[in-house]
Number of protein chains: 2
Amino acid sequence: MSEMDFNELEGVTRPKTQRGEVTFQKLLEAAEAVFGEKGYYETSIVDIIQRAGVAQGTFYLYFKTKKDIFRQLVVHLHHEVRKTIQEAVQGVANRLAAETTGLRAYHNFLLEHRNLYRLVRELEFVDEDLFKWYYQSFANNYARRLSQAMEKGDIRKMDPEALAYSLIGLNVFIGMRWPLWENRPAPTIAVETIVDFITRGLGTETK
Amino acid sequence: MSEMDFNELEGVTRPKTQRGEVTFQKLLEAAEAVFGEKGYYETSIVDIIQRAGVAQGTFYLYFKTKKDIFRQLVVHLHHEVRKTIQEAVQGVANRLAAETTGLRAYHNFLLEHRNLYRLVRELEFVDEDLFKWYYQSFANNYARRLSQAMEKGDIRKMDPEALAYSLIGLNVFIGMRWPLWENRPAPTIAVETIVDFITRGLGTETK
DNA sequence: ATGCAATATGAATCACTTGTCATATTTATT
DNA sequence: AATAAATATGACAAGTGATTCATATTGCAT
C-alpha cells in the first residue's frame with residue numbers, strides 16, 4: 001500500500017556526462033528489445049550488451065543487476081500506458097462512453113507494443129512488489145474516476161475498488177484473447193457484447 | 001483451434017513398477033512445492049531432487065527436462081481447478097446464481113492452493129502453447145454453459161466467447177487482489193458489488 | 001594543456017546447472 | 001533360484017552466465 005515512489009530506483013546509476021547518457025539509452029533500448037523478444041529469464045546480460053554494442057563491464061557502470069535494468073524499463077512503460085489511455089479518455093464527459101474509448105485505446109497500445117507488454121506480465125515473477133505497485137496505482141486511479149462518476153450519477157454507487165479490478169481484469173483478458181493472441185482488435189460482435197455488458201453492469205438503468 | 005490433447009506428454013516416461021511410481025510421485029510433489037515457492041526459473045533440478053530425496057540421475061529416468069515436469073504439473077492442476085468449480089456449480093440451476101457460486105469456489109481453491117496457482121500464471125512464459133490451451137479450454141467450456149443459459153433465457157443473448165473471457169479476467173483479477181495478495185476472501189462489499197455488476201451485465205432485466 | 005573524474009574494455013573468475021554414465025541394487029517373471 | 005528389466009546412485013564433464021578488475025581512453029573543468 002501507501003505511495004511508493006519508483007522514480008529513482010536504487011541499483012541504477014545515472015550517467016553524468018552526455019557521452020554516458022548515450023550509452024545508458026543504448027542499453028535501455030537494447031534491453032527493451034531483447035526482453036520483449038525472449039522474456040526476462042531467457043535473456044542474458046551478454047545478449048543486452050551485444051545488442052547495445054558495448055562491453056560487459058560497461059553494463060555494470062549503470063546497472064547493478066539484470067533485475068535493475070528491467071525495473072527501470074517497466075516503470076517507464078507504466079507511465080506510457082497510463083498517459084496513452086488518459087489522453088484518449090480525456091474530454092469524454094460520460095464515464096460509460098469513456099469505458100469504451102479506454103478499451104479501444106488500451107487495445108491499440110497493445111497492438112503497437114506487444115513486446116513491451118510482455119514485460120509487464122512477466123514482472124509478477126521478477127519483482128512482485130513492483131508488480132503490485134503497477135496494478136495498484138492503475139487500479140487506484142481507475143477507482144478514483146469511477147467514484148467521481150458515481151457522484152455525478154453517471155453510474156450506480158458500488159465499491160469502486162472491486163469494480164476497478166474487475167474492469168482491469170476484463171480488459172486484460174480481452175486484450176490477451178484478440179490483440180495479443182491474434183494480433184488484431186477484438187471483432188465487432190465481441191466489442192458490442194463487452195460494451196453492453198459493462199454498460200448494464202455499471203449503469204443506473206436499463207433500456 | 002483444434003483439440004489438443006495433453007494427456008500423454010512426451011518428455012515424460014511413466015514408471016513401470018510400484019516402486020517407480022512412488023519415486024515419480026515424490027518428484028512431482030517436490031516440484032510442485034519448489035516451483036510454487038521460488039517460481040519456475042529460479043528453481044533448479046537440483047532443488048527438486050533434493051526436496052524429493054533422490055539422486056540426480058533419477059530425475060532423468062522420468063523427465064527429459066525441467067520444462068517437462070512443469071508441464072505435467074500444470075495439466076494436472078488444470079483438471080483439479082475445473083473439477084472443483086464444476087462440482088461447486090453443479091446443481092445450481094440458475095446461471096446467475098452459478099456465477100456467484102463459481103466465484104466463491106474459485107477463490108477458495110486459490111486460498112488453498114496459492115502456490116499451485118502461481119504456476120499457471122508463470123506458464124505463459126514457460127510454454128505459451130500450453131498456456132493458451134489452458135485458458136482456451138477453460139473459456140470454451142465457460143462459453144458453452146453461457147450459451148445454454150442464453151437458450152434458456154436466463155441471460156441475455158450476447159457473444160458467449162467475449163463474455164467468457166471477460167468473466168474469467170474479472171475472476172482472475174479479483175482473485176489476485178484479495179485471495180492472492182491478502183490471503184483472504186474478498187470482503188463482503190466487494191463480492192456484493194461484483195455479483196451486482198455481473199447480474200446486471202448478464203441479466204435480462206433490472207430491478 | 002593539465003589533471004581528475006567519468007567512461008569503456010574484455011579477459012578472468014566464480015558460482016551454478018544441466019545432463020551423462022558406469023555401476024549397483026531392486027523388482028518382476030519364469 | 002535365476003535372469004532380465006527397471007530403478008537408483010553420485011561423481012563428472014561441459015557449458016553458461018554473472019560479476020569483478022586492472023587497464024586504457026575520453027571528456028570536462030581549471
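These numbers were taken from a predicted model, which means no experiment stands behind them. Letters A, B, ... are given to chains in the order of the sequence lines, protein chains preceding strands, and every chain is numbered from 1.
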Scan B:V191, B:L180, B:I174 and name whichever one has a side-chain contact (heavy atoms from CB on, under 4.5 Å) with B:H107.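 Single pass found, and it is B:I174.
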Sequence-distant partners of B:D68, salt bridge (charged side-chain N to carboxylate O under 4.0 Å, His left out), two or more places apart: B:R71
Atom-pair distance ([atom1] on [X]; [atom2] on [N]), nearest Å:
X: A:I69; N: D:dA18; atom1: CD1; atom2: P; answer: 12 Å
X: A:I45; N: D:dT20; atom1: CD1; atom2: P; answer: 10 Å
X: A:E21; N: C:dA6; atom1: CD; atom2: P; answer: 15 Å

Using the side chain to side chain contact (heavy atoms under 4.5 Å, CB included) criterion, which residues pair with A:T17? Sequence neighbours excluded. A:R19
State which residues pass side chain to side chain contact (heavy atoms under 4.5 Å, CB included) with B:E21; sequence neighbours excluded, sorted by chain then number.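 B:E21 satisfies side chain to side chain contact (heavy atoms under 4.5 Å, CB included) with B:P15, B:F24, B:Q25 once adjacent residues are dropped.
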What's the verdict on salt bridge (charged side-chain N to carboxylate O under 4.0 Å, His left out) for A:E182 and A:R177, showing C-alpha distance, side-chain angles and the deciding distance? CA-CA 7 Å; A:E182 301 203 357; A:R177 173 63 184 84; 2.9 Å; yes
So which protein N/O to nucleotides 1-3 of chain D N/O distances come out below 3.5 Å?
none

Using the side chain to side chain donor-acceptor pair (under 3.5 Å) rule, collect all pairs that involve residues 90-100 of chain B, keeping only residues at least two apart or in two chains. B:R95-B:E99, B:E99-B:Y142
What parts of residues 48-68 of chain A reach DNA chain C, counting only heavy atoms under 4.0 Å away? A:V54, A:A55, A:Q56, A:G57, A:T58, A:L61, A:Y62
DNA chain C-proximal residues of residues 30-42 of chain A, any heavy atom under 4.0 Å: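 Those residues whose heavy atoms fall under 4.0 Å from DNA chain C, taken from residues 30-42 of chain A, amount to none.
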Where do B:F63 and B:L28 come nearest, in terms of heavy atoms and distance?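 So the minimum-distance heavy-atom pair works out to CZ-CD2, 4.0 Å.
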How close do A:G20 and A:Y62 get, heavy atom to heavy atom, and via which atoms? CA-OH, 3.4 Å
A correct 5'-to-3' footprint of nucleotides 23-30 of chain D, with B, S and - meaning base, sugar-phosphate only and no protein heavy atom under 4.0 Å, is ---SS---
Could you provide the dot-bracket string of DNA chain C, using ( ) for intrastrand pairs, [ ] for crossing pairs and | for bases paired to another strand, with Watson-Crick or G-U pairs below 3.5 Å? ||||||||||||||||||||||||||||||
Selection residues 82-91 of chain B - residue pairs positive for salt bridge (charged side-chain N to carboxylate O under 4.0 Å, His left out), sequence neighbours left out: none
Partners passing side-chain hydrogen bond (donor to acceptor under 3.5 Å, both in side chains) against B:Q56 (at least two apart in sequence or in another chain):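 With sequence neighbours excluded, B:Q56 shows a side-chain hydrogen bond (donor to acceptor under 3.5 Å, both in side chains) to no residue whatsoever.
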Among side-chain atoms of A:Y41 and B:E42, is any donor-acceptor pair under 3.5 angstrom? yes
Any chance the side chains of B:N140 and B:S137 put a donor and an acceptor closer than 3.5 Å?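 Distance-only check fails for B:N140 and B:S137.
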Show me the donor-acceptor pairs, under 3.5 Å and distance only, between side chains in residues 164-171 of chain B and residues at least two apart or in other chains.
from, atom 1, to, atom 2, distance (Å)
B:S166, OG, B:A162, O, 2.8
B:N171, ND2, B:L167, O, 2.9

Go through the steps to decide whether A:E37 and A:R51 satisfy the test salt bridge (charged side-chain N to carboxylate O under 4.0 Å, His left out), and finish with yes or no. CA-CA 12 Å; A:E37 279 167 24; A:R51 182 92 158 218; 3.1 Å; yes
Between CH2 of B:W178 and CG of B:N183, what distance do you get to the nearest 0.5 Å? 14.5 Å
Can you tell me which nucleotide in C:dT18, C:dA8, D:dT7 comes closest to the side chain of B:P15? D:dT7
